[in-house]
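Small disclaimer: the values here were computed from a predicted structure and weren't measured. The chains referred to below are lettered A, B, ... by the order of the sequence lines, with proteins before strands, and numbering in each begins at 1.
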Amino acid sequence: EAQVTQNPRYLITVTGKKLTVTCSQNMNHEYMSWYRQDPGLGLRQIYYSMNVEVTDKGDVPEGYKVSRKEKRNFPLILESPSPNQTSLYFCASSLYDSRDSQVDTQYFGPGTRLTVL
Amino acid sequence: GENVEQHPSTLSVQEGDSAVIKCTYSDSASNYFPWYKQELGKRPQLIIDIRSNVGEKKDQRIAVTLNKTAKHFSLHITETQPEDSAVYFCASTHSGGSNYKLTFGKGTLLTVNP
């Protein structure tokens, strides 16, 4: 079954304790992305990756890191989480056609609800 | 950077009526405009999208129109049903060069009353 998976689904942590949220897709998609969703603010892009070893900042990258060592995985790292990073996080992936520079339909993971105390 | 404005933020209609949600964008180079539906507690899912070389696209009860000159695009849902109740997000992206960001509107909570 084609899917995007995220782990953990729920996480409560404390300020300053490093954490990683994993994201994996089995559709051989080139493009992967992380979003955070907050009430009244919609979905905001944190980081995205066009392919292995190619990552770039979205609109709200501060306090986050990513890596793309393999095509299927795109972990989100919070080196020193703070309470303002309490949010619902979504990973997504899509095809990218380099011939016409087109990003296609985003397939979202189930979400990770993070609480930082 | 790109800015996407979405209106209205909430919309309540009677079952069978039509619903229209509008979005405007700022980057004239944007060329891909998807719409996502998010039911309560679920992940966003694509319902329809349109590219900049097309003015209108329809899929059963759902249609999207794009006006590139005015930089706005709209979602039209006809014959609404209670299961259409959800939050709807528009988005835009500029593919090309070095920027492949996807920018979302803040969402519209659609309630279809039986």
Asks: For the candidates S33(A), G58(A), P110(A), which exhibits the highest count of non-hydrogen atom pairs separated by less than 4.5 Å from chain B?
Replies: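 Of S33(A), G58(A), P110(A), P110(A) has the most heavy-atom pairs under 4.5 Å with chain B.
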Asks: Within the structure provided, determine whether Q106(A) and L102(B) are in side-chain contact (heavy-atom separation under 4.5 Å).
Replies: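 Yes - at least one pair of side-chain heavy atoms lies under 4.5 Å apart.
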Asks: Measure V4(A) against the heavy atoms of chain B and call it side chain, backbone, both or neither at under 4.5 Å.
Replies: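 Backbone of V4(A) only, per the 4.5 Å heavy-atom cut-off to chain B.
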Asks: Is it the backbone or the side chain of Y35(A) that comes under 4.5 Å from a heavy atom of chain B, or both, or neither?
Replies: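 Only the side chain of Y35(A) comes within 4.5 Å of chain B.
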Asks: Indicate the atoms forming the closest heavy-atom contact of K42(B) with F90(A), along with that distance.
Replies: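 Heavy-atom minimum between the residues: O-CZ, 4.1 Å.
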Asks: Is there a side-chain contact between Y100(B) and D56(A), using heavy atoms and a 4.5 Å cut-off?
Replies: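 When only atoms from C-beta onward are counted, D56(A) and Y100(B) do not touch, as no gap falls below 4.5 Å.
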Asks: So which part of P44(B) gets closer than 4.5 Å to some heavy atom of chain A, the side chain, the backbone, both or neither?
Replies: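 Both parts, backbone and side chain.
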Asks: Please report the shortest heavy-atom distance between Q37(A) and F89(B), naming the atom on each side.
Replies: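 Result for this residue pair: NE2-CZ, 3.4 Å.
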Asks: Closer than 4.0 angstrom, basic N to acidic O: yes or no for D38(A) and K106(B)?
Replies: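 No, this pair does not count.
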Asks: Is Y47(A) close to chain B through its backbone or its side chain, or both, or neither, when contacts mean heavy atoms under 4.5 Å?
Replies: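 Contact with chain B involves no heavy atom of Y47(A) at all.
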Asks: Under a 4.5 Å cut-off applied to non-hydrogen side-chain atoms, are F108(A) and L46(B) in contact?
Replies: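 With C-beta onward as the side chain, the pair stays apart.
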Asks: Considering only heavy atoms from C-beta outward, does the side chain of R44(A) approach that of F104(B) to under 4.5 Å?
Replies: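 The answer is no, as the side chains (C-beta and beyond) never meet within the 4.5 Å cut-off.
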Asks: Going from OG1 on T103(B) to CG on L43(A), what distance comes out if it is rounded to the nearest 0.5 angstrom?
Replies: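 Reported to 0.5 Å precision, the distance equals 11.0 Å.
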